[in-house]
Structure formats: structure tokens, C-alpha cells
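Comments concern the structure below.
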Protein chains: 2
Amino acid sequence: MPPFVTVDRQKLQKHRSIQQFDVSEAIYANGGEGLAWRVRKGVVRLDTVAPQNKRHFASLAIAGDIIGCETLLFGCYTFSASALTPCELAPWPEGDRNRSNDTLLDVLAKTQQRAAELIALRGGQAIDRVLGLARLLADPAGNVILPTRQDIAEITDLRFETISRIIKQLERAGTLDPIRLAGIHATRSFHLAGQACPARGA
Amino acid sequence: MPPFVTVDRQKLQKHRSIQQFDVSEAIYANGGEGLAWRVRKGVVRLDTVAPQNKRHFASLAIAGDIIGCETLLFGCYTFSASALTPCELAPWPEGDRNRSNDTLLDVLAKTQQRAAELIALRGGQAIDRVLGLARLLADPAGNVILPTRQDIAEITDLRFETISRIIKQLERAGTLDPIRLAGIHATRSFHLAGQACPARGA
DNA sequence: CGCATTTTTGATACACGTCAATCTCCGTGG
DNA sequence: CCACGGAGATTGACGTGTATCAAAAATGCG
């Protein structure tokens, strides 16, 4: 494993503008000044900040999403951002390349789509909400790092006890398979069964 | 009242591109081709269309919002749109004027904000969801035309019986005051008490 | 004026919330 | 190395807000 770490370090130095964030680490605060970012890895949570500094879940950004665009308009962030899983962000737009696969119009379309998905995560039975979130966050191989029970609860508008019960239930049903490292039962890393392209019959 | 109607007709002819829609009327269907629109009056509902032609609430557009932007990118609509209250739409962008108060960036920022508001409408107690929607749809004077109970239910992820009970409860509490026309008790038009700019203390 | 649609209301069931205890995992310091 | 403590997760018992089912009333349209 040492060589892998070395490679990562080198990559990091090549693009020195890339930023890393740990779980539950703040990325930026609403009202603050800064850049727009592209989420390269991980899951980012966006919150509105109400009086008394109360935070309310507002949106989710996963790999490929752009966050903080509104600074290009207002000069400051509208929401607060924090890392739900280990994250890697890069400034956006990437000035060097002209490929421009992400125009403002692309970002808008993706934002609308993401919003519709989040709306769906707050409706229906609890188990479907949790499964929906797991599917949204899983990679094509079905591997997924879930946020904490508390964060899942705030995303789906349920209680963390309910989330805990449902994840256990999905584990026992074999839908979620905890990934064990050194024999230790992981609580966040799973393999999600039946995960593939969303084109399969009932 | 005849003169009023005449005036409206004239306005309509002056801007012949303006479109009117009645309650529950389809505005456009997903996959179809068409323009982007600016909502001038009324409330528009956007749905994702799943297999078996099942519709799922995806988003809401109120006066000032832009809908159907994705056609500028994909050439067709991503969602289906229908009128929740009587609506008036105008093509966007308005080519004639250069004021451009609505750049793509403005639309993106507003879309994010609207999405966060809709997320909030699907969390917390039923009464707060209904009140939240009423506040979102009310004009500065506090007058509001609500969607049908069924549509409110789908927006807030509740059942229409629950919506009915809660609106009655708000009526009895005086928070919602039904507007009577010719002595008939309206079920959609209300005056919302304590509605003003969102800048007032507790 | 009559029928379809929407809304209201009641009785009952259940999914999820609430409260509380326990357990696991980890970092800290003696 | 182990005692300690805190954060997150699990589990149980019980309460409640909303769903569900059913029926009637109000509204609106042809």
C-alpha cells in the first residue's frame, strides 16, 4: 500500500488547487466569499442557515456536481457546505481546458434533476427513502459510503433511530452488505445488491 | 365587468405570444419540443414521468420563474408541466429587450433557492408544510389561490384527507380566511393572516 | 336540474417518533 | 496496557401523527 499513497501525493501536487475534506468538515459557509467548485469525489451537503444559526438540509452534491455557482452572481455563498463523506473538490470552471463539458446550462439542467431526486427522497415509506439515497450515492459497482445515520435522517426527514433500524433490516435482507476491514464491521461502507443501470424490470 | 374583459383581450393581442392555461391543464409534456417559458402569473407544477406514465411531483414554478430551460440544451423537455392555478406564460428569453434581468445565472440561483424551499415543504409536521406552501404561493397582500387538495398533498407528501383537515383547522383558527364570492364559500381562494415581507419578529 | 368531482368528516390502523438504555468503536491519558 | 469518556449506532417499549377506509356533503359543470 505505500506506493499507492505515494502516487496520490504526486497527483495532489500536480493539481495543487484540489482540496480534500474529511467527514463532517465544513467546506464553506453561507455569506462567505469564494469560488465555485466541482465535486470530484464524495458527497457534499448544502444547508440553508436560519436565525439562531440553525441549519436546514437544502441540497446534496455528488461526484460531478458543481456547487457554489451563485458566488459568480452574488459574490458570496447562498448555502453552507459540508462533507458527508471524504471529499475532493476542484475549482470551477477549470480555466485551462476548453472542453467545457459543463456550461452554465449543463449545471442548471443537472441541478433541476438533482432537486427532483431529492424531492423523491422525502416521500413514500422510510425504507424506500433510504434505499433511494443508497442508490443515488452508490457507484456503478454498487459500492457506497453512506453518511452518518443522523445525516441520512436529515436528508430523508426521518429520525436517526428509524434510519438505524432500516439499515439493519436491509443488512439482514442482504440488500446492504457491510464491508469488513480487518474483521471490523463497518457502519458506513456497504455493497448494495441489485445495483446496475436503472433499466431492469420488476 | 365587460370593459375589464375588453382590456384583457387587447393586452393579449398586443403580446400575442403570451399563453394562458386553466387549472389542471397540461402546458407541455416531457420529451416534447418547445420553448422555455417565463411564468407571469399562476403556479406551475413540474413532474417526472416514470414507466406506466406515472407522474411524480418534481418541482414548482411561481410568478417570475423560468421553466423548460433544459430544451435549450437537450432540445426537448425533461419534465412535464401543468397548471395548478390559472396561469399566464411568456416565451423566454424575451428577445426584444436587452434588460436581461434573467441571465442563465439568475435562473440557476433561483432554481437552487426554489429547490431548497420545496425540500422544506416535505419536512416537519403536516400543518407547517401546508402553511409553508400557502406562504410560498401568497402575494404580498396575503391573497393566495391554493392548488387542489390532491395537488397540495402530492407537493407535501401527505394525503388529501389530511390536507383537507388541516386547511379547515387553519380556517377555524383564522389563519386562512376563505374569500367568498356571491356568498359561496371558496375552497381555493384565501387571505392568509400575518403574511407580509419575511422581515418581522416573532 | 342532475351527475361527476372535489371536499369534508368520522372511525380505526399502523408507520414512524420519542424516550431511554446499552453497545461498539476510538482516541486520550495515566 | 488498561481505565476512561465521548460520539455514533443499536435496540426496546410505548405514544402519536398521519394514513386508510368509508360515507356524506358541497361544489361545479353540462
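Remember, predicted model here, so these are calculated numbers, not experimental data. Lettering follows sequence order; numbering is per chain, from 1.
Rounded to an integer number of Å, the gap from CZ of A/F160 to C1' of C/dG17 is 11 Å. With rounding to whole Å, A/Q125 atom CD is found 11 Å from D/dA19 atom P. For the pair B/Q169 CD and C/dT9 C1', the interatomic distance rounds to 14 Å; values are reported in whole Å. A straight line from CD1 of B/I167 to P of D/dA26 spans 18 Å, rounded to a whole angstrom. Between the NZ atom of A/K168 and the C1' atom of D/dT10 there is a distance of 7 Å, rounded to whole Å.
Distances shorter than 4.0 Å separate some side-chain N or O of B/R149 from OP1 or OP2 on C/dT8. The phosphate of C/dT6 has neither OP1 nor OP2 within less than 4.0 Å of any side-chain N or O from B/T148. Proximity of B/R159 to the phosphate of D/dT20: a side-chain N or O atom is located under 4.0 Å from OP1 or OP2. A sub-4.0 Å separation between OP1 or OP2 of C/dT7 and a side-chain N or O of B/R188 is present. Remark: A/S164 is in phosphate contact with D/dT10, judged by side-chain N or O atoms under 4.0 Å from OP1 or OP2. OP1 or OP2 of D/dT18 has not a single side-chain nitrogen or oxygen of B/T162 nearer than 4.0 Å.
By the 4.5 Å heavy-atom criterion applied to side chains, A/V130 and A/I127 are not counted as neighbours. Side-chain contact check for A/L72 versus A/W92: some heavy-atom pair is nearer than 4.5 Å. The shortest side-chain heavy-atom distance between A/I179 and A/N143 falls under the 4.5 Å cut-off.
Mapping A/I163 and B/T187 onto DNA chain C via the closest heavy atom, the residue that lands nearer the 5' end is B/T187.
A donor and an acceptor atom never sit less than 3.5 Å apart when one is taken from the side chain of A/R172 and the other from the base of D/dT10. Between the side chain of B/R165 and the base of D/dG17, no donor-acceptor pair of N or O atoms lies under 3.5 Å. With hydrogens and angles ignored, no donor-acceptor pair under 3.5 angstrom links the side chain of A/E161 to the base of C/dC16.
One side chain, A/Q112 or B/E70, offers a donor N or O that lies under 3.5 Å from an acceptor on the other.
Residue A/L158 is in sugar-phosphate contact alone, with no base atom involved, counting any heavy-atom pair closer than 4.0 Å across all strands shown.
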